[in-house]
Asks: 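The structure's right below; bear with me while I get my questions together.
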Amino acid sequence: MSSVLEIKDLRVSVDTEQGTKQILKGVDLTLKQGETHAIMGPNGSGKSTLAYAIAGHPRYNIEGGSVLLDGEEVLEMDVDERAQAGLFLAMQYPIEIPGVTNANFLRTAKTAIDGEAPSIRTWMKEVQGAMENLRMDPSFAQRNVNEGFSGGEKKRNEVLQMELLKPKFAVLDETDSGLDVDALKIVSEGVNRAKANTGVGIMLITHYTRILQYIKPDFVHVFVNGRVAEQGGPELANQLEAEGYDRFVNA
């Protein structure tokens, strides 16, 4: 039986210097494993807020609603419990972790999620294979996490983590941001490969349709002013490419 991620009437605010500002104003979405959902919309519409609220970022205040993973309330879980339950976030701006190598980070994360350490021989073979598929030099395994990486290298590293950790659902927050055409193709191939191999459900947050040429969505949701303004199939992305977001914003 495939897993289901249900977002119901989610309302989220953030504290600013000007006071508390409500960002999400009642979001309803349902994702099933094996599905790809594209979340699109103009800047400031709440797309990244949705990602970080699901992941448990402490800056975002849950004002109401729920996020259920197979019926379990995600919003009551600590951040590490969300990862263990099968949620993964690829950040728009991946952070550097000095002093921690990629190899150690990946094996520690895998151990925490599975509850036991993977076999060294099998694990290293899997890591090396995934890095090769993502055109990552083998030396990256011994480099500190994202330290000195280019933007494209950081995004490949995020997809490497997703492929190896095998979550039930992956939230990809503007994974296409800052990528050239070649890097975009490689990253997209990695996402598609993870979906084909594990059936991961994907929430793909993006401003633009170019990544959707490589990662085909099953559903497209348009975010405007903290709500889902419209939803449909892949044809909706083509309409947005042609017309932009003006008709949603002006409405």
Side-chain angles (χ1 to χ4, degrees), residues 36-43 45 47-52 54-55 57 83 87-110 123-167 169-198 200-217 220 237 240-241:
T36 298
H37 292 246
I39 309 296
M40 305 185 71
N43 283 326
S45 58
K47 303 185 301 299
S48 291
T49 297
L50 175 63
Y52 288 104
I54 293 172
H57 195 296
L87 296 179
F88 176 86
L89 170 66
M91 294 181 285
Q92 182 178 356
Y93 304 107
I95 62 171
E96 298 182 3
I97 309 178
V100 179
T101 66
N102 258 334
N104 285 338
F105 174 82
L106 288 166
R107 191 160 191 266
T108 300
K110 184 67 171 176
W123 175 246
M124 288 310 300
K125 185 177 180 180
E126 191 173 351
V127 171
Q128 290 165 2
M131 291 182 69
E132 184 177 336
N133 286 334
L134 286 164
R135 323 290 205 277
M136 297 177 71
D137 190 279
S139 64
F140 276 71
Q142 300 308 318
R143 290 178 59 179
N144 293 337
V145 178
N146 293 326
E147 192 172 34
F149 288 21
S150 69
E153 289 166 346
K154 289 180 178 180
K155 296 302 176 71
R156 290 189 213 187
N157 210 31
E158 295 277 276
V159 175
L160 175 68
Q161 294 167 29
M162 182 183 74
E163 285 202 69
L164 293 170
L165 299 179
K166 298 178 173 59
F169 292 96
V171 181
L172 310 181
D173 187 18
E174 299 197 29
T175 297
D176 52 340
S177 176
L179 297 183
D180 60 27
V181 173
D182 290 335
L184 179 63
K185 288 181 179 178
I186 292 169
V187 165
S188 298
E189 287 170 0
V191 173
N192 290 332
R193 188 166 50 247
K195 180 179 176 181
N197 290 337
T198 69
V200 60
I202 296 168
M203 181 186 294
L204 179 63
I205 296 171
T206 182
H207 287 293
Y208 308 109
T209 59
R210 67 174 189 152
I211 194 171
L212 303 184
Q213 298 173 28
Y214 306 104
I215 302 174
K216 302 297 184 182
V220 176
L240 293 172
E241 175 72 10

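Quick caveat, the model's predicted, so the values are computed rather than measured.
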Asks: Identify the two heavy atoms, one from I186 and one from L134, that lie closest to each other, and give their separation to 0.1 Å.
Replies: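 Reported closest heavy-atom pair: CG2-O, 3.4 Å.
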Asks: Counting C-beta onward and ignoring hydrogens, is there a side-chain heavy-atom pair between D173 and M91 closer than 4.5 Å?
Replies: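 No. Closest side-chain heavy atoms not under 4.5 Å.
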Asks: Could you pull out all residues at least two apart from N144 that satisfy side-chain contact (heavy atoms from CB on, under 4.5 Å)?
Replies: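 N144: side-chain contact (heavy atoms from CB on, under 4.5 Å) contacts with T101, E147.
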Asks: Contact between V159 and K155 at the side-chain level, heavy atoms closer than 4.5 Å - yes or no?
Replies: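 When only atoms from C-beta onward are counted, K155 and V159 do not touch, as no gap falls below 4.5 Å.
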Asks: Can you tell me how far OG1 of T36 sits from CG of L172, rounded to the nearest 0.5 angstrom?
Replies: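 Answer for the CG-OG1 pair, L172 versus T36, is 9.0 Å.
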Asks: How close do Q92 and S177 get, counting heavy atoms only, and between which atoms?
Replies: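 Minimum heavy-atom separation between Q92 and S177: NE2-OG, 4.3 Å.
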Asks: Evaluate the side-chain proximity of I54 to M203: yes if any heavy-atom separation is below 4.5 Å, no if none is.
Replies: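 Counting from C-beta outward, M203 and I54 do come under 4.5 Å.
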Asks: What residues, two or more places apart in sequence or in another chain, satisfy side-chain contact (heavy atoms from CB on, under 4.5 Å) together with E126?
Replies: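 Partners of E126 by the side-chain contact (heavy atoms from CB on, under 4.5 Å) criterion, ordered by chain and then number, come out as W123, L164, K166.
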Asks: Can you list everything that forms a ring pair (Phe, Tyr, Trp, His ring centres under 6.0 Å) with F149? Sequence neighbours excluded, please.
Replies: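 Ring pair (Phe, Tyr, Trp, His ring centres under 6.0 Å) list for F149, sorted by chain: F140.
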Asks: Quick check: closest heavy atoms across T108 and N104, and the distance to 0.1 Å?
Replies: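 Taking T108 first and N104 second, the nearest heavy atoms are OG1-O, 2.7 Å.
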Asks: Indicate the atoms forming the closest heavy-atom contact of A183 with D180, along with that distance.
Replies: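 Here A183 and D180 meet closest at N-OD1, 2.8 Å.
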Asks: Once salt bridge (charged side-chain N to carboxylate O under 4.0 Å, His left out) is applied, what residue pairs with a partner in residues 90-110 remain, sequence neighbours excluded?
Replies: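 Every pair satisfying salt bridge (charged side-chain N to carboxylate O under 4.0 Å, His left out) with a residue in residues 90-110: E96-K154, K110-D114.
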Asks: Over all heavy atoms of both residues, which pair between L179 and G151 is shortest? Give the atoms and the distance, please.
Replies: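 Looks like CD2-O, 4.4 Å.
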Asks: First locate atom CD1 of I211, then atom CG of L204, and finally report the distance between them rounded to the nearest 0.5 Å.
Replies: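 These two atoms lie 5.0 Å from each other.
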Asks: Within this structure, what is the CG-OG distance for the pair N43 and S48, rounded to the nearest 0.5 Å?
Replies: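 Going from CG on N43 over to OG on S48, the span is 9.0 Å.
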Asks: Hey, are the side chains of P167 and M162 touching, using non-hydrogen atoms and a 4.5 Å cut-off?
Replies: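 Yes, at least one pair of side-chain atoms sits under 4.5 Å.
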Asks: Going by salt bridge (charged side-chain N to carboxylate O under 4.0 Å, His left out), name the pairs with one or both residues in residues 187-197, residues two or more places apart or in two chains.
Replies: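 Checked against salt bridge (charged side-chain N to carboxylate O under 4.0 Å, His left out) - neighbours excluded - the pairs reaching residues 187-197 are R135-E189, E163-R193, K195-D218.
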Asks: Any side-chain heavy atom of V187 within less than 4.5 Å of one from L184?
Replies: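 Side chain of V187 against side chain of L184, heavy atoms only: no contact under 4.5 Å found.
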Asks: What are the two closest non-hydrogen atoms of A38 and L212, and how far apart are they?
Replies: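 Where A38 meets L212 most closely, the heavy atoms are CB-CD2, 4.0 Å.
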Asks: Can you tell me how far the CD1 atom of I202 sits from the CG atom of N192, to the nearest 0.5 Å?
Replies: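 That separation rounds to 7.0 Å.
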Asks: Is any side-chain heavy atom of L50 closer than 4.5 Å to one of V171?
Replies: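 Contact flag for V171/L50 side chains = no.
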Asks: For H207 and M40, indicate whether the former's side chain and the latter's backbone hold a donor-acceptor pair under 3.5 Å.
Replies: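 Looks like no, no N/O pair under 3.5 Å.
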Asks: Just so I know, are the side chains of L160 and L106 near enough to count as touching, which here means a heavy-atom distance under 4.5 Å?
Replies: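 Yes - at least one pair of side-chain heavy atoms lies under 4.5 Å apart.
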Asks: Measure the spacing between OG1 of T175 and CD1 of I205 and express it to the nearest 0.5 Å.
Replies: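 Spacing of OG1 (T175) from CD1 (I205) equals 8.5 Å.
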Asks: Among residues at least two apart in sequence or on other chains, which ones pass side-chain hydrogen bond (donor to acceptor under 3.5 Å, both in side chains) with T206?
Replies: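 For T206, the residues satisfying side-chain hydrogen bond (donor to acceptor under 3.5 Å, both in side chains) (neighbours in sequence not counted) are D176.
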Asks: Just verifying a value: how many Å separate E153 CD and R143 CZ, rounded to the nearest 0.5 Å?
Replies: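 Going from CD on E153 over to CZ on R143, the span is 6.0 Å.
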